[in-house]
Novice: 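What follows is a structure written as structure tokens; I'll ask about it next.
Sequential numbering from 1 along the given sequence is applied to the chain's residues. These values consider heavy atoms only, across backbone and side chains, with no hydrogens, waters or symmetry-generated copies.
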Amino acid sequence: MRLGSVSLSLFVLLIAAFCSGYAAQSQAQTGAKSDILGHWVAPDCARAEEVVTFTRSFYLKSAPERLHLQRYATAGTGADHLILLVDGKRLPVMRQEDGVLRTGQYAEPPGKDAGWDELILAAARDYTNCPTVPDIIPGPLQRLTRYLDRIDTACTVTANKDCARVLFKAADDDGDGKITRIELKRAVVSGYLLAELADGAALDGPAIEAAAVDAKTLASTLSAHFFATQDKDGNDTLDYNESVTGFQPPDDAAFKAMIKDIGQLFP
């Protein structure tokens, strides 16, 4: 079961909790080679069985009934490939001349500056780059892959005003400068899924299904609260100023837990 077409939009109302609950820290970018960024599908775009998505700082693996999101770092380079640190393990990655991305798992530690053909691998897999977002990625994560790096840059440094504006833009699906009740509910569902993935553990089908049910319940509760407390002009939308001025967080255990969990991704 997937969360379907719900698009990710981390709602701007989270910013008050981010700013009050976690110390801002600067965080270096990984410096990953730009030619590996994007969505990579196996065996190909028409027959997606698995998708690996690289942003500058995050790694997402999507498959039917399984999701896995983590930060990654550059662990070094071989003679012709990049070595990433994902889930505590070193992962060799190489984009080949034909545009295929090849990843592997070491059977033995590589020699210093070894080329790909010299590696002794337990497994390897090739992925094809897809220009459009594969449907196998749930809707909330499709939008997430476009905003994660921007949120990461703005929300893990001291420029909190920039963080609020990035989050507002992410929540504003149609770009009209206002957040509707539907957009806010989508944002809550999206934030909830992000929180479930934030500890780096993979989610399987039953966990995804349970998260979907709980997220929808929380979305209804929070939408009612935020529009009651923040919609000052009563026009049933929230503009940026309404969203951040006089912010009143709900006294809701699920909301607090979601904020705490998301903080694992954005210190």
Novice: Could you check whether any side-chain N or O of S223 sits under 3.5 Å from a backbone N or O of A219, counting only pairs where one atom can act as donor and the other as acceptor?
Specialist: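 The answer is no, because no donor-acceptor pair under 3.5 Å joins these two groups.
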
Novice: Given 3.5 Å as the limit, does a donor-acceptor pair link the side chain of E242 with the main chain of K232, or not?
Specialist: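 Yes.
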
Novice: Does the ring of Y147 carry R150 above it, NZ/CZ under 6.0 angstrom from centre and within 45° of its axis?
Specialist: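 R150 over Y147 ring: yes.
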
Novice: Count I, L, V, M, F, W, Y as connected when their side-chain heavy atoms are under 4.5 Å apart, and connections chain through other members. Are V188 and V244 then in the same cluster?
Specialist: yes

Novice: Check this for me: D251, atom CG, are more than 12 non-hydrogen atoms of other residues, nucleotides or ligands nearer than 6.0 Å?
Specialist: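 No, the 6.0 Å shell around CG holds no more than 12 heavy atoms from other groups.
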
Novice: Any side-chain heavy-atom pair from E196 and D214 closer than 4.5 angstrom?
Specialist: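 The answer is no; the side chains never approach within 4.5 Å.
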
Novice: Give the cluster check for W116 versus L82: same hydrophobic cluster or not, with ILVMFWY residues linked at side-chain heavy-atom distances below 4.5 Å.
Specialist: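 No, no single cluster joins them.
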
Novice: Evaluate the side-chain proximity of E183 to T237: yes if any heavy-atom separation is below 4.5 Å, no if none is.
Specialist: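 No, their side chains stay 4.5 Å or more apart.
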
Novice: Just verifying a value: how many Å separate I136 CD1 and L67 CG, rounded to the nearest 0.5 Å?
Specialist: 9.0 Å

Novice: Do L119 and Y127 sit in one hydrophobic cluster, given that two such residues count as connected whenever their side-chain heavy atoms are within less than 4.5 Å of each other, even indirectly?
Specialist: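 No: no chain of side-chain contacts under 4.5 Å links L119 to Y127.
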
Novice: Looking at T153, is its backbone amide N or carbonyl O close enough to the side chain of D149 to form a donor-acceptor pair, meaning the two atoms are under 3.5 Å apart?
Specialist: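 Between the backbone of T153 and the side chain of D149 there is no qualifying donor-acceptor contact (under 3.5 Å).
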
Novice: Main chain of G175, side chain of K178: is a donor-acceptor contact present, judged purely on distance under 3.5 Å?
Specialist: no

Novice: Hey, could you give me the CG/CG distance between L203 and L69, rounded to the nearest 0.5 Å?
Specialist: 9.5 Å

Novice: Can you list every pair that meets salt bridge (charged side-chain N to carboxylate O under 4.0 Å, His left out) and has a residue in residues 104-115, with sequence neighbours left out?
Specialist: none

Novice: Is there a path of hydrophobic side-chain contacts, each under 4.5 Å between heavy atoms of I/L/V/M/F/W/Y residues, joining L218 to F227?
Specialist: yes

Novice: Check whether T145 reaches the backbone of Q142 with its side chain - one donor and one acceptor, N or O, closer than 3.5 Å.
Specialist: yes

Novice: List, one per line, each side-chain donor-acceptor pair under 3.5 Å for residues 85-95, sequence neighbours excluded.
Specialist:
unit_1: D87; atom_1: OD1; unit_2: Q70; atom_2: NE2; d: 3.0
unit_1: R95; atom_1: NH1; unit_2: D35; atom_2: O; d: 2.9

Novice: Are I151 and V133 connected into the same hydrophobic cluster when the rule is that any two of I, L, V, M, F, W, Y join if their side-chain heavy atoms are below 4.5 Å apart?
Specialist: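 Shared cluster, yes.
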
Novice: Might you point out which heavy atoms bring L222 and P250 nearest each other, and give the distance in Å?
Specialist: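 Looking at all heavy atoms of both residues, the closest pair is CD2-CG, 3.5 Å.
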
Novice: Between D162 (side chain) and A154 (backbone), is there a donor-acceptor pair under 3.5 Å?
Specialist: no

Novice: Within the side chain of D231, is there an N or O that forms a donor-acceptor pair under 3.5 Å with the backbone of D236?
Specialist: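 Such a contact is found between D231 side chain and D236 backbone.
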
Novice: Taking N129 for the side chain and V100 for the main chain, is one N or O donor matched with an acceptor at less than 3.5 Å?
Specialist: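 No.
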
Novice: Taking atom types as modelled, is there a side-chain donor on D44 or T128 under 3.5 Å from an acceptor on the other?
Specialist: no

Novice: Relative to the ring of Y59, is the ring of F54 parallel (under 30°), tilted (30 to 60°) or perpendicular (over 60°)?
Specialist: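 Tilted, since the angle between the ring planes falls between 30° and 60°.
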
Novice: Which pairs, with at least one residue in residues 114-128 and sequence neighbours excluded, count as a salt bridge (charged side-chain N to carboxylate O under 4.0 Å, His left out)?
Specialist: E49-R125, E50-R125, R102-D126

Novice: Let's go through Y72 and F58 carefully: what are the C-alpha distance in whole Å and the side-chain angles of both, what is the deciding distance for ring-ring contact (aromatic ring centres under 6.0 Å, His included) to 0.1 Å, and is it a yes or a no?
Specialist: CA-CA 6 Å; Y72 73 92; F58 295 90; 8.2 Å; no

Novice: Drop me the distance from N241's CG to Q230's CD, to the nearest 0.5 angstrom.
Specialist: 11.5 Å

Novice: Keeping the roles fixed (side chain from H81, backbone from T103), state whether a donor-acceptor pair exists under 3.5 Å.
Specialist: no

Novice: Any Lys/Arg nitrogen of R56 or D152 sitting under 4.0 Å from an Asp/Glu carboxylate oxygen of the other?
Specialist: no

Novice: Hey, what do you get for NZ (K169) to CZ (R165), rounding to the nearest 0.5 Å?
Specialist: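 Atom-to-atom, K169:NZ and R165:CZ are 12.0 Å apart.
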
